[in-house]
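Along the sequence shown, residues carry numbers from 1. All ligand and atom numbering here is 1-based and tracks the order in the structure.
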Amino acid sequence: MKIHHLEAQAALASLNTAADGLSAAEVARRFAEFGPNRVEKVAGVPLPLRFLREFTHLFAVILWVAAGLAFVAELADPGKGMATLGFAILGVILVNGLFSFWQEYRAERALAALEKLLPPKARVMRAGRVEEIVAAELVPGDIVLLGEGDDIPADCRLIEAFGVRVNTATITGESVSQGRDAQPSQVDEVLHSRNVLLAGTSMVAGEARAVVFATGDHTEFGKIARLTQTARAPMSPLQREIARLSRLVALLATGLGVVFFFIGQALGLGFWENALFAIGIIVANVPEGLLPTVTLSLAMATQRMARRNALVRHLPAVETLGAASVILTDKTGTLTTNHMQVKSLFLGGEYATPQAFAASTELRRDYRRLLETALLCHDLKATGADAWLGDPMEIALVRMAQAAVPDFQALPRVDELPFDTDRKRLSILQRMQDGLVLYTKGAPETVLPLCSQVVMGGVLRPFTPELLALFQRAQEDMAEQGLRVLAFAHQAVAAGYQRENLERDMVLTALVGLADPPRPEAAGAVQKCFGAGIRVIMVTGDHPRTALAIGREVGLIRTDQAVVVNGEQLARMSNIQLQLALDAPEILFARVGADQKLRIVTALKRKRHIVAVTGDGVNDAPALKHADIGIAMGLSGTDVAKEAADIILLDDNFASIVAAVEEGRAVFDNIRKFLTYILTSNIPELVPYLAFVLLRIPLPLTIIQILAVDLGTDMLPALGLGAEKPDPGVMKRPPRPRRERLITWQLLARAYLFLGVLEAATAMAAFFFVLKGSGWHYGEMLDHADPRYLAATTATLSAIIVAQVVNVFLCRSPRDSLLTTGLRGNRLILVGIAAEILLILAIDYTPLGNHLFGTAPIGWEVWLFMLPFAAGMLVLEEARKWMLRRWMR
Ligand code: ADP
Ligand code: MG
């Protein structure tokens, strides 16, 4: 008999386990035998193969062809240095491939490290105690406790279930949730059995206890996963834009190469020399290293965000975050600490503090049901005598009640009507000494209408409209002080009860007010959002007055004109009305259900906002998915919400969202910084060729020297710019418009027409300085090996490097002066510059460098000559920035 055919007890016995779980020793033994509960990843593309890929993509192929041609040319037309060029290109392929591989590997490792930050957890009963463990440590025979929104960590057989519904879409493709119970089943297939929960699916409602019968690769999911795992993540829009840019530049370069080829032919240059010349230009201008640099800079941003407690699940979210224009945020736990404390009780028309309540035997007797509700009506899991896992509000209630009755003994739970954000209440049916009792707690609006009597002192009174009004006023008074108010109620239930008939004619026990202080950092973070042009809108399930009070405390609401929309009003609004309502400068939503959150998200998106939304429950998943950025709570969030989200907050804190937005904006800025830097040097590489053709002078910069810049000296400083910290002003400007491209005309103009031109001037001046100094006169053509020519090209190359060293610092901000950005604050840039300088010294002053790059040592006076030019570039860029800043003001 298969496990789903058996009775629950027999199922436990068949796995040699019991309702209170396995002993520690047995767990260890089984773990050793069955291994970790993890679906082993089918190894993706093996490392060596991925390494090879870096040498076989389109750009690399272009380079291989170029190298091949160079060697052919050497054979056809020896002695022109073609072999050197061939070797240089091979070197380029190697360096470039290694560098790209290294960057991608690092990016991948960074992302993999993040996955480990938040391992899936499971609650198990072992040796009679509830523990929270990493799901990978589950073994067959473990008893797991599951609640709404939990992922099912392994294949298990239900032994107790209240209102359980599961979503099995991941396994069966069925998207409608299905009911599950603990009864033995008749069907053949374990897959279709009603008493089985499969790993990889999730529980969308209810509470359950189940025994694990298969873990890891033995689960149904494990069997399927092997078949369906895909290796590659899709490219983010940013990566796609970079790929497009690379192709565009490559195309331009090719066009340029072809044009130069024909010009060369017209000038009567040798065919081979000319062909290589063209290929060299193509090679030099193809931005091979760009895409891996972008990927790495995104991955490094995710690491910085993780350090600030925002875990990014999808790379594209990094860039979208930077553009966020509205944040829809929960209140409880996000803006507030979620350290709840019972502050006030409303008992039969009188207020009492919990301390007074605990001290008075009379009150404790009259409102016995209040204590019972607090102690029994919850979904907490006790992990010890005084420790629980679960909702902090429920823990606060249990603590309060335990202070009054320390030695409470509970009989088993009989049934449960679970909490959800639409019902806004929880009911537990409990066996008591005096029969079955249903205990309910929840939002007063949903509980008061269920009541027909009320406890007043020691007696029950009919719940008249006058009394209803009295309690409603009390609720509003408490809410006004920022307290969350719950109504408690109870009801005696006959043995043969019908589930549908529960929660009727109840007895109202009391109102309870809980304080949940705002997080100290929330007000500052809200302030920062205002400065950054980001709207913050609170969406809460709590009472409007409570919401308003907290909104005031954190600075979200500052006037008396705030619009408060509650769930009922929202339900009556059309989409158009909602969109118009959102024009109000201050608005908050209270008592809304999770499905209504989706409506608000949609309305804001229609208003062309980039919407970030937070959520924790199962019902939040659609809103999280639909928003531009879904943010799930790492501590209080359900697994279902986390899976739907792009970002998980490790500390549930609103301030962490703001920090992540800041990093998101920085990434975008940084990519622009290194793009500007890299594109700038294309101009001083191009101008020498124009000069050569148009002015009929010796070629001031050889192809190999271009390669030395593009694939050598430029690489590390560019990487440094990609790792810049967010600049201080980043949260003082409005969000980037949705349509704004990464590469704008301003960026291109600054790089090509301004910085590039200045660099080209520096380089050409250095070239002529050396050439003139050596007695060259206009019109004289020099031999490739002429020492005067070698020294002159060396000067061009060195001048480009000097200018690029200055340029790194200029590129640290498109607007701010060097006096603000400074020279320090980014070690990677300094390391990059040091490497750059060492490299150019090696090229200029070592025999090997001279041989490989066709250079010759230059005198100190040449360096001295370059300095004013570099300084000029600095001054002119500072002037441009100064004017820009003035103009912007
Ligand atoms: P929030 O947006 O503040 O997190 P929720 O949607 O979680 O609000 O809760 C909405 C309302 O439901 C609360 O104001 C409270 O009245 C009620 N509620 C919340 N949690 C529970 C619970 N565990 N049991 C009963 N009622 C609850
Ligand atoms: Mg909540």
**Q** Can you tell whether the side chains of Lys381 and Glu132 come within less than 4.0 Å, N to carboxylate O?
**A**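 Salt bridge absent between Lys381 and Glu132.
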**Q** Heavy-atom contacts with Ala443 under 4.0 Å: which atoms of ligand 1 show up? List them by number with element.
**A**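 The atoms of ligand 1 under 4.0 Å from a heavy atom of Ala443 are 16 (O).
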**Q** Is Lys441 close to ligand 1, meaning an N/O of one under 3.5 Å from an N/O of the other?
**A**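 Such a contact does occur with ligand 1.
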**Q** Looking at every heavy atom in both Lys343 and Pro354, which two are closest together, and how far apart are they?
**A**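 So the two residues come closest at O-CD, 3.4 Å.
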**Q** Looking only at distances, please establish whether an N/O atom of ligand 1 is found under 3.5 Å from an N/O atom of Arg484.
**A**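 Arg484 vs ligand 1: N/O contact under 3.5 Å present.
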**Q** Give the numbers and elements of all ligand 1 atoms closer than 4.0 Å to a heavy atom of Asp391.
**A**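 Ligand 1 atoms under the 4.0 Å threshold to Asp391: 23 (N).
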**Q** Mind checking whether Leu486 contacts ligand 1 via backbone (N, CA, C, O), side chain (CB onward), both or neither, at a 4.0 Å heavy-atom cut-off?
**A**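 For Leu486, only side-chain atoms sit under 4.0 Å from ligand 1.
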**Q** Distance under 4.0 Å to a non-hydrogen atom of Thr540: what atoms of ligand 1 satisfy this?
**A**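 Taking each heavy atom of Thr540 in turn, ligand 1 has 1 (P), 2 (O), 3 (O) under 4.0 Å.
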**Q** Between Arg473 and Glu476, is there a side-chain N and carboxylate O pair less than 4.0 Å apart?
**A**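 Between Glu476 and Arg473 there is no salt bridge, as every charged N stays at least 4.0 Å from the carboxylate O atoms.
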**Q** Can you name the atoms of ligand 1, numbered from 1 with element, that are less than 4.0 Å from a heavy atom of Thr421?
**A**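 This gives 6 (O) as the contact atoms.
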**Q** Does Asp366 reach the main-chain N or O of Leu363 with its side chain, forming a donor-acceptor pair under 3.5 Å?
**A**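 Flag not set: sc Asp366 to bb Leu363 has no pair under 3.5 Å.
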**Q** Any salt bridge between Asp583 and Lys607, counting N to O under 4.0 Å?
**A**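 A salt bridge is present here (some side-chain N lies under 4.0 Å from a carboxylate O).
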**Q** For Lys424, counting its heavy atoms only, list the atoms of ligand 1 lying under 4.0 Å from any of them.
**A**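 Answer, ordered by atom number: 12 (O), 17 (C), 26 (N).
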**Q** Heavy-atom distance to atom 20 (N) of ligand 1: which of Glu394, Met393, Met633, His378 wins?
**A**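 Among Glu394, Met393, Met633, His378, the closest heavy atom to atom 20 (N) of ligand 1 belongs to Met393.
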**Q** Just by distance, no angles: are the side chains of Tyr439 and Gln430 close enough, under 3.5 Å, to form a donor-acceptor pair?
**A**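 No, no side-chain donor-acceptor pair sits under 3.5 Å.
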**Q** Strictly below 4.0 Å, N to O, side chains only: are Glu207 and Arg413 in salt-bridge contact?
**A**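 No.
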